[in-house]
J.: 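Right, I'll just put the structure down here and ask away after.
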Amino acid sequence: MMKLRHRRLSLLKRWIWVLVVCAVVAGVAGAQDMASFEKRTTVKVLPNGLTLIVCERPEAPVFSYFTLVDAGSADDPGGQSGLAHMFEHMAFKGTHEIGTTNYPAEKLALAKLEIAYAAYDAEYRKRVGQDKAKLERLKKVFDDAQAAAEKYVVPNAFPQIAEENGAEGLNAETSEDQTEYFWNMPSNRLELWAYMESSRIGEPVLREFYKERDVVQEERRMRIDSSPVGRLVEQMLATSYVAHPYGRSGVGWESEISQVTATEAEAFHKKYYVPSNIVIAVVGDLKAATAMPMLERYFGKIPAGPKPEPMTTIEPPQTAEKTVTIKEQTQPTFLEGYHRPDYRDPDDAVYDAISDIFSNGRTSRLYKSLVVDQKIAAFAQGFSGFPGYKFPGLFAFYAVPLRDHKNDEVRDSIHKELEKMKTEDVTDAELEKYKTRTKADKLRGLADNAGLAETLATYQTRYGDWREMFREIAKIDAVTKADIKRVAQKTFVESNRTVAEIEFVAPAANQSGGGK
């Protein structure tokens, strides 16, 4: 009965949130201009460097938050790929006060655990003279230390407290460019959230670190090692980039994930999780005059630190086409990418226009040509800013040929469409459709608290001013047919291209199965 009651309460809570979101969307539909947002939005940089954004939306008694840490997988130190991703898995493990039965004792146990792991790791890494018997003894000491530390853990205490107080959508994400934390909550729980979030950021406890490291390894096996497309993408990026960390696996290389330590994670946190590298946006039923002082009390206590130095590695220009071919018994797949500048480039809106006209939806040029008209592909899409947009990324094209059709066919058709983009003007209707749809999408994304919180934090981080999200409208309107042709001509050239494909290979005769 208790399980059934809990499920009914959960369903009821979800329906309440649906009604709340609908109310918010309806209430703000007519207030999406910059002037209206300026009246309701307050930005404050705290003495420790952390940026807080409060946007008042009283339509429903809820709020959403978005914490953006300006560090992602591209910031993983050499030899420690996957480290930024580990903090996504540490997000809800708790704090000094939440998730533990006795933190002073747990802290001591965690310190002993690191000493035990360091000894085991030192022996494990020996390329010459490794003592297997000693390695086994050290592994047992490490396992025992891990078990001793876990005795103090209260599993899921952090998310349980949040959810018992009405939190919905608890999540964290890691990309190449940044790490994000977010959820929605009733407005009368704002101070509880501030206490939990500030403690989690400022005083992290890396409990169950090695347990979660195993989870990340399993995630890699599922997403990459056991996925033909995952392996194709990983190899394509590793081939496209020779210097920039965009060429590394975002989830991490297996050998590095398996050896990254909690001590290294603490060093990463100390460098990148400093207040000057964090923007937090809170949107909902709250007043900045009362909320901001309270938020400053909690988040202002996080120790200040120097903002991490900007990345200095610049990917050198690609001077020749590169190719990757994976041959195996699986669905043929075609993928290719062209280097493009980062989001600060004056032509960023032009790349968006090309992406929209070329491959946004079933009426786009790419889908219509390959899937509808020629019927040679089951799927065809293009996308810009891959694997990230903070640094120069790729403009990529992806297609899956239908049975009895080959990668060569979809490749030639993609290149044919790209040549049209380079030599012929797009139509007035295509250009106008891009501008109308893109502006509508941007404004629609501001309609709910969660989407607005993410947008405010993102633009404040990337441009230093959230108002840039409205100034982008003018950049969209300024895109011309000549711009599209010019950018296509300089980008979609053979020497700037990396091609990756999965080529089907039939099983050998002796692999066809059957008994002796």
Side-chain angles (χ1 to χ4, degrees), residues 46 48-52 65-100 103 106-111 113-115 117-118 121 149 153 158-159 170-182 194-213 215-216 245 248 250-252 256-257 259-280 298-311 390 457 461:
L46 305 185
N48 63 4
L50 189 142
T51 300
L52 286 171
Y65 88 94
F66 193 88
T67 295
L68 193 158
V69 181
D70 194 14
S73 299
D75 299 293
D76 289 339
Q80 298 172 24
S81 63
L83 191 53
H85 182 211
M86 281 299 303
F87 282 92
E88 174 187 328
H89 288 256
M90 293 285 102
F92 306 112
K93 290 295 182 180
T95 66
H96 292 179
E97 297 176 324
I98 301 174
T100 182
Y103 182 67
E106 182 187 24
K107 182 179 180 180
L108 181 60
L110 289 172
L113 173 61
E114 280 306 285
I115 293 172
Y117 185 79
D121 193 50
V153 176
F158 192 93
L170 282 76
N171 213 336
E173 293 181 359
T174 310
S175 69
E176 275 72 12
D177 296 337
Q178 61 199 43
T179 307
E180 310 157 355
Y181 306 91
F182 46 91
Y195 157 69
M196 295 178 71
E197 183 71 356
S198 61
S199 298
R200 184 183 61 75
I201 292 174
E203 301 175 330
V205 178
L206 300 181
R207 56 174 58 98
E208 299 186 306
F209 181 87
Y210 297 99
K211 182 178 179 180
E212 287 301 319
R213 192 181 70 174
V215 174
V216 173
R248 294 188 313 213
V251 71
E256 294 180 356
I257 298 172
Q259 296 183 68
V260 71
T261 70
T263 300
E264 291 167 336
E266 286 178 356
F268 184 93
H269 187 278
K270 184 176 181 180
K271 179 176 181 179
Y272 289 106
Y273 278 68
V274 291
S276 57
N277 207 39
I278 298 173
V279 173
I280 301 176
Y298 285 97
F299 291 99
K301 292 186 293 186
I302 301 174
K307 188 172 179 62
E309 65 278 5
M311 184 175 296
K390 181 178 174 181
T461 299

J.: Without swapping roles, check the side chain of E256 against the backbone of S81 for a donor-acceptor pair under 3.5 Å.
T.: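 Checked: pair present.
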J.: Give the minimum heavy-atom separation between V274 and G305, together with the two atoms involved.
T.: CG1-CA, 3.9 Å
J.: So does F299 get a backbone contact from the side chain of N48, meaning a donor-acceptor N/O pair under 3.5 Å?
T.: yes
J.: Looking only at non-hydrogen atoms, find the nearest pair between T179 and G72 and report the distance.
T.: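 Here T179 and G72 meet closest at OG1-CA, 4.2 Å.
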J.: Can you confirm whether E309 sits close enough to K271 that some side-chain heavy atom of one is under 4.5 Å from a side-chain heavy atom of the other?
T.: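 Side chain of E309 against side chain of K271, heavy atoms only: contact under 4.5 Å found.
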J.: Measuring from atom OG1 of T174 to atom NE2 of H89, what distance do you get when rounded to the nearest 0.5 angstrom?
T.: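 Reported to 0.5 Å precision, the distance equals 7.0 Å.
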J.: Please report the C-alpha distance between L113 and Y210 in whole Å, then the side-chain angles of each, then the deciding distance to 0.1 Å, and finally whether the side-chain contact (heavy atoms from CB on, under 4.5 Å) criterion is met.
T.: CA-CA 10 Å; L113 173 61; Y210 297 99; 4.1 Å; yes
J.: First locate atom CD of E176, then atom NE2 of H85, and finally report the distance between them rounded to the nearest 0.5 Å.
T.: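 Those atoms lie 10.5 Å apart.
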J.: Is T263 close to Y117 at the side-chain level, that is, under 4.5 Å between some pair of heavy atoms?
T.: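 They are not in contact (no side-chain heavy atoms under 4.5 Å apart), so the answer is no.
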J.: Evaluate F268 against F87 for ring pair (Phe, Tyr, Trp, His ring centres under 6.0 Å), listing each step before the verdict.
T.: CA-CA 10 Å; F268 184 93; F87 282 92; 5.8 Å; yes
J.: Side chains of E197 and T67: any donor to acceptor distance under 3.5 Å?
T.: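 The answer is yes; a qualifying pair exists.
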J.: Can you tell me how far apart CG (L46) and OH (Y298) are? Round to the nearest 0.5 Å.
T.: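 Answer for the CG-OH pair, L46 versus Y298, is 14.5 Å.
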J.: How long is the span from the CZ atom in R213 to the CD atom in E208, to the nearest 0.5 Å?
T.: 14.0 Å
J.: Only one of T461, D70, D177 clears side chain to side chain donor-acceptor pair (under 3.5 Å) with K390; which?
T.: D70
J.: Can you tell if the side chain of Y181 reaches within under 4.5 Å of the side chain of I278, non-hydrogen atoms only?
T.: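 No, too far: nothing below the 4.5 Å cut-off.
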J.: Write down the atom of I98, the atom of R207, and the distance for their closest heavy-atom approach.
T.: O-NH1, 3.1 Å
J.: Go through it in stages, so that I can follow the logic: the residues are L110 and V205, the test is side-chain contact (heavy atoms from CB on, under 4.5 Å), and I'd like the CA-CA distance, side-chain angles, deciding distance and then a yes or no.
T.: CA-CA 9 Å; L110 289 172; V205 178; 3.9 Å; yes
J.: Taking all heavy atoms of Y273 and all of V69, pick out the closest pair and write down the distance.
T.: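 So the two residues come closest at CE2-CG2, 3.6 Å.
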J.: Below 4.5 Å, heavy atoms only, C-beta onward: do P204 and H269 meet side chain to side chain?
T.: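 Sidechains of H269 and P204: in contact.
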J.: If I compare all heavy atoms of P275 with all of P303, which pair ends up nearest, and what's the gap?
T.: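 So the minimum-distance heavy-atom pair works out to CD-O, 3.1 Å.
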J.: Applying side-chain contact (heavy atoms from CB on, under 4.5 Å), run through F66 and E180 and close with a yes or a no.
T.: CA-CA 7 Å; F66 193 88; E180 310 157 355; 3.5 Å; yes
J.: Should we say atom NZ of K307 is surrounded by more than 12 heavy atoms from elsewhere, each under 6.0 Å from it?
T.: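 Atom NZ in K307 is crowded, with more than 12 foreign heavy atoms closer than 6.0 Å.
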J.: What is the minimum heavy-atom distance between F209 and A262, and which atoms define it?
T.: CE2-N, 3.4 Å
J.: Any heavy-atom pair between the side chains of K93 and L206 that's under 4.5 Å?
T.: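 Side-chain contact under 4.5 Å: no.
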J.: So how far is it from S73 OG to R248 CZ, rounded to the nearest 0.5 Å?
T.: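 Reported to 0.5 Å precision, the distance equals 8.0 Å.
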J.: With a 4.5 Å heavy-atom cut-off, do I280 and I201 have their side chains touching?
T.: yes
J.: Roughly how far, to the nearest 0.5 Å, is CZ of F158 from CG of L170?
T.: 8.0 Å
J.: Determine whether E264 and P77 make a side-chain contact, defined as any pair of heavy atoms from C-beta on separated by less than 4.5 Å.
T.: no
J.: For a 4.5 angstrom cut-off between non-hydrogen side-chain atoms, does Y103 reach T95?
T.: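 Result no, sub-4.5 Å side-chain heavy-atom pair not found.
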